[in-house]
Amino acid sequence: MSFPLLTVTAAVPAAGAVLTAAVPAARRTAAKWLALLFSLATLALAVLVAVRFEPGGARYQLTESHSWIADFGVRYELGVDGIGVALIGLTALLIPFILLAGWHDADPLENKSQRWRPTQGFFALILMVEAMVVISFEATDVFLFYIFFEAMLIPMYFLIGGFGDRATAARYGADAPGGSDENAAAQRSYAAVKFLLYNLVGGLIMLAAVIGLYVVAGNFSLQEITAARAAGTLDMATNTERLLFLGFFFAFAVKAPLWPLHTWLPNAMGEATAPVAVLITAVVDKVGTFAMLRFCLGLFPDASKWATPVILVLALVSIVYGALLAVGQRDIKRLVAYASISHFGFIILGIFAMTSQGQSGATLYMVNHGLSTAALMLVAGFLISRRGSRLIADYGGVQKVAPVLAGTFLIGGLATLSLPGLAPFVSEFLVLVGTFSRYPAIGVIATIGIVLAALYTLVLYQRTMTGPVKEEVRTMPDLRLRELLVVAPLIALLIGLGVYPKPLTDIVNPAVQHTLSDVNQKDPKPEVAVEARNGEAAK
């Protein structure tokens, strides 16, 4: 029996979560280092997965399959394609930076108006989320995927509701005018409950669709169902397939998040600590868009094509709507949240453009958005922790007193607006090219998001970093060594993948071709080339 690499990759952070939670309360520092060690071990395993994966080989590799609940056809089946490898790598890469950035976010506070927060629980919950996200990217049994797709809501609920942003406490807590500890706690609880309810409703609808899929197919194996559909031995009625598709897609659209199911995200990111906000949008939300590629298109190809026009319109609304609301934000973290809604619109646009460029760009966008949002949000978190405020108006002239912080903030912002030379530009360009080739009108309208991204990013930088130095930021310290260790690798990756994305595209492109074959789609031929050939034939 071969070494179960995929199982171990998911089991290591889960084991780390249990051991971290078991560390005695007085040994907070030991718990932090233990969690960081397990996250680095997971990163090493993710690198091994990428090394052992052969882009030109079988569609699903490093597979594992064991009987689990035999009476219901449920199996413990794992396997990765190039898209899964890329997202497992992104997850394993970001978690150590998230832990380092949140090194002191759950420490006990001397201020009696803010309640004590258990450090061990904070770090353990982050590792548990990592374990569940990793196995979600590996699962090829639909029921197995569903369990972890839903289970990750539990640790995320406690991370949002139990470990709120200290700037929120400063704004609503007992030390704020008219505030109280109960006020700050209510803000966190509202965001956490809204996150949970939205995702639970989506999950319950998906559960009904999962049961329906079993009734139709007789099993939960993604590989067996797609093979049966390709061979013509599994014939779903048109209406049945469409209903099942809608059940799956609704849950994934909530997680993604796609307009109009997006409203939980600004609250969750605003009230969570900056590292947890990164965990939400750069890691957890990617499960939704990944699942659209793997399950919606793989299991329900005809229904996917049927729903494509509506989904493209919803994605377009997300792009423009999210960007417009980002322009008008006064809160730094909510601005990044609405910018992410716009970016997820681009990802979903690329997926349902049904072209190789669009889907390759969407997959790259998942990775690059994770890197750029992590860089911008974590630096914003360092900024907010120094000033104790999330409001843009409370800043000004930061670049004069903390030039390194301002410089890294600028690079993160430029990556968010997809500046050429930085990684998100490549993915956004591919998404637009893929969309233009099949849906030119939608591609033209989507470019509005690019213009608005430049507006909200540069205005944010101008109002916080330039101009006269405000008295409250005059003594603000620059980035410390730990914070530089968080930001510098992310910026290096943004530049490196912006200049040379080939290692990532080589892994992703074969998986994209498999996905397109599932829905029986080919890239449209360029009209110029067709006209040229017709002209030569006429001669």
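Computation of the quantities below employed the complete heavy-atom set of this structure, encompassing side-chain atoms and omitting hydrogens, waters and symmetry-equivalent molecules.
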| Is Glu271 paired with Arg390 through a side-chain N to carboxylate O contact shorter than 4.0 Å? |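 Looking at Glu271 together with Arg390, the answer is yes, because their closest N to O distance falls below 4.0 Å.
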| said: For Arg386, is there an ion pair with Glu483 - N to carboxylate O distance below 4.0 angstrom? | reply: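 Salt bridge between Glu483 and Arg386, a charged N being under 4.0 Å from a carboxylate O: yes.
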| task | Could you give me the CA-CA distance, side-chain angles and deciding distance for Phe163 and Asp105, then say whether side chain to side chain contact (heavy atoms under 4.5 Å, CB included) is met? | result | CA-CA 8 Å; Phe163 301 90; Asp105 283 358; over 6 Å; no
| request: Before giving the answer on side chain to side chain contact (heavy atoms under 4.5 Å, CB included), spell out for Glu138 and Leu62 the whole-Å C-alpha distance, their side-chain angles and the decisive distance to 0.1 Å. | output: CA-CA 10 Å; Glu138 298 172 345; Leu62 307 175; over 6 Å; no
| task | Please report the C-alpha distance between Val486 and Arg480 in whole Å, then the side-chain angles of each, then the deciding distance to 0.1 Å, and finally whether the side chain to side chain contact (heavy atoms under 4.5 Å, CB included) criterion is met. | result | CA-CA 10 Å; Val486 171; Arg480 303 178 179 91; over 6 Å; no
Straight-line distance of [X] [atom1] to [Y] [atom2], nearest 0.5 Å:
{"X": "Ser389", "Y": "Glu472", "atom1": "OG", "atom2": "CD", "result": "9.5 Å"}
{"X": "Tyr395", "Y": "Ile332", "atom1": "OH", "atom2": "CD1", "result": "5.0 Å"}
{"X": "Phe409", "Y": "Thr457", "atom1": "CZ", "atom2": "OG1", "result": "8.5 Å"}
{"X": "Thr515", "Y": "Gln359", "atom1": "OG1", "atom2": "CD", "result": "5.5 Å"}
{"X": "Lys502", "Y": "Asn509", "atom1": "NZ", "atom2": "CG", "result": "9.5 Å"}
{"X": "Leu127", "Y": "Leu36", "atom1": "CG", "atom2": "CG", "result": "9.5 Å"}

Using side-chain heavy atoms (C-beta onward) and a distance below 4.5 Å, is [X] in contact with [Y]?
{"X": "Pro424", "Y": "Leu494", "value": "yes"}
{"X": "Leu265", "Y": "Asp285", "value": "yes"}
{"X": "Phe123", "Y": "Trp103", "value": "yes"}
{"X": "Arg294", "Y": "Ile83", "value": "no"}
{"X": "Leu93", "Y": "Leu493", "value": "yes"}
{"X": "Ile95", "Y": "Leu279", "value": "yes"}
{"X": "Phe137", "Y": "Val80", "value": "no"}
{"X": "Ile392", "Y": "Leu335", "value": "yes"}

| field | Pair Phe344-Ser318, side chain to side chain contact (heavy atoms under 4.5 Å, CB included): steps then yes or no | value | CA-CA 8 Å; Phe344 274 102; Ser318 289; over 6 Å; no
| query | What do the steps show when you test Gln329 against Tyr338 for side chain to side chain donor-acceptor pair (under 3.5 Å), and what is the final call? | reply | CA-CA 9 Å; Gln329 287 304 305; Tyr338 281 111; 4.8 Å; no
[X] side chain vs [Y] backbone, donor-acceptor pair below 3.5 Å:
{"X": "Ser385", "Y": "Phe382", "result": "yes"}
{"X": "Ser372", "Y": "His369", "result": "yes"}
{"X": "Lys194", "Y": "Ala268", "result": "no"}
{"X": "Lys400", "Y": "Pro468", "result": "no"}
{"X": "Tyr461", "Y": "Thr466", "result": "no"}
{"X": "Ser342", "Y": "Ile319", "result": "yes"}
{"X": "Ser437", "Y": "Gly434", "result": "yes"}
{"X": "Arg438", "Y": "Thr355", "result": "no"}
{"X": "Asp81", "Y": "Tyr60", "result": "no"}
{"X": "Asp331", "Y": "Leu391", "result": "no"}

| task | Evaluate salt bridge (charged side-chain N to carboxylate O under 4.0 Å, His left out) for Asp518 paired with Arg59, printing each intermediate quantity in order. | result | CA-CA 12 Å; Asp518 286 340; Arg59 179 173 186 176; 2.7 Å; yes
Could you report the tightest heavy-atom contact between [X] and [Y], atom names first, then the distance?
{"X": "Leu432", "Y": "Gly443", "result": "CD2-O, 4.0 Å"}
{"X": "Phe425", "Y": "Leu419", "result": "CB-O, 3.4 Å"}
{"X": "Ala423", "Y": "Leu497", "result": "CB-CB, 3.7 Å"}

| task | Say whether Tyr456 and Thr416, considering side chains only, have a donor N or O and an acceptor N or O under 3.5 Å apart. | result |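 Judged by distance alone, the side chains do not pair up.
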| field | Face-on cation placement of Lys255 at Phe149 ring, 6.0 Å and 45° thresholds | value |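 Judged by the rule (NZ or CZ under 6.0 Å from the ring centre, within 45° of its axis), Lys255 counts as positioned above Phe149.
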| query | Do Phe195 and Tyr157 pass the ring pair (Phe, Tyr, Trp, His ring centres under 6.0 Å) test, and can you show the C-alpha distance, the side-chain angles, and the key distance before you say yes or no? | reply | CA-CA 7 Å; Phe195 162 82; Tyr157 169 79; 8.1 Å; no
| query | Can you say whether the rings of Phe145 and Phe252 are parallel (under 30°), tilted (30 to 60°) or perpendicular (over 60°)? | reply |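 Perpendicular.
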| Ring centres under 6.0 angstrom apart (His262, Tyr321) |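 Distance test on ring centres: under 6.0 Å, yes.
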